[in-house]
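Below, all heavy atoms of this structure are taken into account, side chains as well, without hydrogens, waters or symmetry copies.
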Amino acid sequence: MSDRLSAREVKRHKWWGWGLDDVTFRYDNKPAFPVLARNKVGVDLDSQQPVVPDLSVFEIPAGRLPQEVRSSLTAAVGAENVIEEDEYRVIHSFGRSLPDLFRVRAGDFGRLVDVIVYPASEEEVAAVLRLAIEQDLVLIPYGGGSSISGSVTPDVAEQRPVISLNLGRMRDVLEIDDTAGLARVEAGAYGPDLEEQLNAQGWTVGHFPDSFTYSTLGGWAATRSSGMQSDKYGDIEDIVRGLRLVHPDGVAVTKPIPGRDSGPSVHEMILGSEGRLGVITEATVQVHRLAPVRQVIAYMYPDWEHGIRGMHAIARSTDVTPTFTRLSDGPETEFSLSMVKEPSSTKGRVAAKVQDGLFAYLRSKGWDTTNEMSISYVCFEGSKEAVEQQKALVKKIVRSNGGITLGAGPGAIYDQKKFDTPYLRDFLMDYQVFGDVCDTGATWSQLNELHARAYQAFYATQEEQGLPGFMFCHMSHSYHAGACLYFTFAFPYSSQEQALEQYYAAKGAVQQTFVDLGATVSHHHAVGTEHQPWITEDIGEVGTRMVKGLFADNDPGRNLNPGKVVSP
């Protein structure tokens, strides 16, 4: 076991946005981006001054932690691991949803947590949970704070003291079973920490969500996360084989073996429970040997429909097993091209000329290289021979569905930048522009209609609101029966007072389209409070009653992250 980090060494977001203070989105070296921002959302980046948040101008509501509770927490985890400072309380009271960040940037703090506690063991977690039950406190488990569904935000009406339980000190890989391909890991391990420890012994868990750098294993399990490489490695419910959960009555343990449960699955009850049944302290995960070769190849299709046919053919092929497949529609491809840096080397300028020549050739063949063509990325892993064989098979599939192969260059760039997108949302908010996402899972037979109807709903809403807007989409997380569609939208809000109303109108129109067409309210962004309005439409009235009963029976005092997933 490694030396424990101190509470103040645990990684955390800046108070007003994503990630580190000194990392930000830059557009000065992307000449096409300001043009796209002006044309699509009406924002002139060069003439507008960004609004930079400043915590010192706001009054922070005082904490409500009684002295006797503070003393008990100190006894449980040590004084240095109990923090009540204002900035820490702000950071731990909000996830990274757009409403969360809008409110925190405006100083609308609502109900802040009163204290952040950093346990170092399952025993310390149990001690804090017992205290919460005995003293009628609220306990909210906190992983990386990357939730965009309101899963870590306390209820504004909550009057009881609120504890944020940060698992960040519990981050070790405890054991690897080489024979079974299983690893026991503490729940507070951030994605990079987990992969670093596994890679050092030749293993990988293969789970890479967009939030990878600022999310934890326990958070992945508690919110039913999906990673970019789920085509090969599976979603988190496929990866997590066993769990330990500190519960009000003790510790629930699920076995990391096939057919692990008898009767209804306790394991499945814990997955996606968002802290309402207890605190996940450890997970046994399926791990894989690192592949000797990894390569991402880019392809281009004339339009979305050709691309979907290609993606479907790859998913159904009995001979192809890619690590991930991704397809951007025309608007997202246009956006991606606007993010290309201005070439600064001879090699870069040559590559740009080659691209210009290719696009000219495609236009001569009838392609719309501005609004319709759709770029795709497919990742291959394995031995050199296996990768080359897989690439050849996919190339044939792409060609037979009207596409062309672009090669490894664009794929490598995508693979390097895949975790950077959240910084763009912060940048847009500096200019009073909202940028956010909606994701859903649907069958292959539904995808094209769902894609078209979501666009119709968004743009109809923006027209009603008298606001410009831009929307784009990509397909990810392919399965035998269907796939995930991941929509991104952006628009400038008209005023601080109307901003969230306009946001919820736009997002709500898209989400309602999902459930109206029988798709899921979200594929992998949890429920929290943000997706709760559609939960009954998603899982049915009986399903909702069953979930409410589960939470009420296990937490009758509503001490464990109350109000998330279903209410009460």
For this session: For K564 and E274, indicate whether the former's side chain and the latter's backbone hold a donor-acceptor pair under 3.5 Å.
Result: no
Problem set entry | Separation between OG of S374 and CE of M300, rounded to the nearest 0.5 Å | 8.5 Å
Exercise. Is the shortest side-chain N to carboxylate O distance from R363 to D368 below 4.0 Å?
Worked result: no
For this session: For the residue pair T153 and D100, confirm or rule out a side-chain donor-acceptor distance under 3.5 Å.
Result: yes
Exercise. Do side-chain atoms of S93 reach the backbone of R89 as a donor and acceptor pair under 3.5 angstrom?
Worked result: yes
Exercise. Are T204 and E195 close enough that a side-chain donor and a side-chain acceptor fall under 3.5 Å?
Worked result: yes
For this session: Could you walk me through whether R171 and L5 pass side-chain contact (heavy atoms from CB on, under 4.5 Å), step by step?
Result: CA-CA 9 Å; R171 63 191 188 112; L5 297 176; 3.4 Å; yes
Problem set entry | Enclosure of K395 NZ (heavy-atom neighbours >12, cutoff 6.0 Å) | no
Seminar exercise, completed: d(C438 SG, I148 CD1) to nearest 0.5 Å is 8.5 Å
Exercise. Could you go step by step and tell me if T223 and S225 meet the side-chain hydrogen bond (donor to acceptor under 3.5 Å, both in side chains) rule?
Worked result: CA-CA 6 Å; T223 58; S225 169; 5.4 Å; no
Exercise. Does NZ or CZ of K365 fall inside the cone over W367's six-membered ring, less than 6.0 Å from its centre and within 45° of the axis?
Worked result: no
Problem set entry | H523 and F514 aromatic centres sub-6.0 Å | no
Exercise. Is it true that E158 and R111 have a side-chain N and a carboxylate O under 4.0 angstrom from each other?
Worked result: no
Exercise. Just by modelled atom types, is the G407 backbone N or O under 3.5 Å from a matching donor or acceptor in the T405 side chain?
Worked result: no
Exercise. Taking all atoms of both residues into account, what is the closest heavy-atom pair of V104 and W15, and its distance?
Worked result: O-CZ3, 3.4 Å
For this session: Considering only NZ, NE, NH1 and NH2 on the basic side and carboxylate oxygens on the acidic side, decide whether R12 and E87 come within less than 4.0 Å.
Result: no
Problem set entry | Heavy-atom side-chain contact between S494 and Q502 under 4.5 Å | yes
For this session: Could you go through the side-chain contact (heavy atoms from CB on, under 4.5 Å) check for Y503 and L98 one step at a time?
Result: CA-CA 9 Å; Y503 164 76; L98 189 144; 3.8 Å; yes
Exercise. Hey, what do you get for OG1 (T443) to CG (L447), rounding to the nearest 0.5 Å?
Worked result: 6.5 Å
Exercise. How about T461 and Q465: do any of their side-chain heavy atoms sit closer than 4.5 Å?
Worked result: yes
Problem set entry | Six-ring centre of F489, K507 cation under 6.0 angstrom, axis tolerance 45° | no
Exercise. Do the rings of Y493 and F434 sit parallel, tilted or perpendicular, given the 30° and 60° boundaries?
Worked result: tilted
Exercise. Is there a donor-acceptor contact under 3.5 Å linking the side chains of N401 and Y301?
Worked result: no
Exercise. With a cut-off of 6.0 Å (strictly less than), are more than 12 heavy atoms of other residues, nucleotides or ligands near CD of Q48?
Worked result: yes
Exercise. Does a side-chain N-to-carboxylate-O contact under 4.0 Å join E9 and R169?
Worked result: no
For this session: May I ask you to check whether F427 and Y431 place their ring centres under 6.0 Å from each other?
Result: yes
Problem set entry | Whether Q532 side chain and G563 backbone form a donor-acceptor pair below 3.5 Å | yes
Problem set entry | Minimum heavy-atom distance S338-K30, with the two atoms named | O-CB, 3.8 Å
Exercise. Between the side chains of Q229 and T323, is a donor N or O closer than 3.5 angstrom to an acceptor N or O?
Worked result: no
Exercise. Can the ring centroids of F472 and Y486 be said to lie less than 6.0 angstrom from one another?
Worked result: no
Problem set entry | Ion pair check, D356 and K353, cut-off under 4.0 Å | no
Exercise. Any side-chain heavy atom of D108 within less than 4.5 Å of one from F58?
Worked result: no
For this session: Can you label the angle between the Y459 ring and the Y455 ring as parallel, tilted or perpendicular, going by 30° and 60°?
Result: parallel
Exercise. Can we call the ring centroids of H13 and Y214 under 6.0 Å apart?
Worked result: yes
Problem set entry | Between CD on residue Q446 and NE2 on residue H451, distance to nearest 0.5 Å | 14.5 Å
Exercise. N166 and H92: side-chain donor and acceptor closer than 3.5 Å?
Worked result: yes
Exercise. Taking atom types as modelled and ignoring hydrogens, do the side chains of E530 and S97 form a donor-acceptor contact shorter than 3.5 angstrom?
Worked result: no
For this session: Side-chain contact test, heavy atoms from C-beta onward, threshold under 4.5 Å: evaluate it for V510 versus M471 and give yes or no.
Result: yes
For this session: Assess the side chains of R309 and H312: does a donor N or O sit below 3.5 Å from an acceptor N or O?
Result: no
Exercise. Is the closest basic N to carboxylate O distance between R224 and D235 below 4.0 Å?
Worked result: no
Problem set entry | Six-ring centre of Y88, R8 cation under 6.0 angstrom, axis tolerance 45° | yes
Exercise. With a 4.0 Å cut-off, would you call R105 and D54 a salt bridge?
Worked result: no
Exercise. Using a distance-only test with no angle check, is there a side-chain donor-acceptor pair under 3.5 angstrom linking Q512 and E537?
Worked result: yes
Exercise. Between the main-chain N or O of G17 and the side-chain N or O of R96, is there a donor-acceptor pair closer than 3.5 Å?
Worked result: yes
Exercise. Side chains of P322 and V394: does their closest heavy-atom pair fall under 4.5 Å?
Worked result: no
Problem set entry | Any side-chain heavy-atom pair of S376 and M311 under 4.5 Å | yes
Problem set entry | Ring centre gap for H477 and H524 strictly below 6.0 Å | yes
Problem set entry | Side-chain touch I60/V90, heavy atoms, less than 4.5 angstrom | yes
For this session: Dump the intermediate steps for side-chain contact (heavy atoms from CB on, under 4.5 Å) on Y190 and F212, then the final yes or no.
Result: CA-CA 7 Å; Y190 279 82; F212 174 74; over 6 Å; no
Exercise. Any sub-3.5 Å donor-acceptor pair from D439's side-chain atoms to L485's backbone N or O?
Worked result: no
Problem set entry | Distance in Å, M228 CE paired with D210 CG, rounded so as to fall on 0.5 Å steps | 4.0 Å
Problem set entry | Atom pair CZ/CZ of F33 and R38 - distance to nearest 0.5 Å | 11.5 Å
Exercise. Hey, are W304 and N448 close enough side-chain-wise for a donor-acceptor pair under 3.5 Å?
Worked result: yes
Exercise. Is there a donor-acceptor pair under 3.5 Å between the side chain of H531 and the backbone N or O of A526?
Worked result: yes
For this session: Could you check whether the rings of Y414 and Y377 sit parallel, tilted or perpendicular, using 30° and 60° as the cut-offs?
Result: parallel
Seminar exercise, completed: In terms of heavy-atom contacts, P141 and V152 come closest through O-CG1, 4.0 Å
For this session: Kindly say whether S215 contributes a backbone atom to a donor-acceptor pair with the side chain of S211 at under 3.5 angstrom?
Result: no
Seminar exercise, completed: Closest heavy-atom pair, Y27 versus L45, reported as atoms and distance to 0.1 Å, is OH-O, 3.4 Å
Exercise. Under 3.5 Å, is there a donor-acceptor pair between the side chain of Q462 and the main chain of P468?
Worked result: yes
For this session: In sequence, state the C-alpha distance, the side-chain angles, and the governing distance for Y118 and V10, and then conclude on side-chain contact (heavy atoms from CB on, under 4.5 Å).
Result: CA-CA 9 Å; Y118 294 79; V10 172; 4.0 Å; yes
For this session: State, yes or no, whether a side-chain contact exists between V433 and F491 at a heavy-atom distance under 4.5 Å.
Result: no
For this session: Could you tell me whether the side chain of D538 and the main chain of T520 form a donor-acceptor pair under 3.5 Å?
Result: no
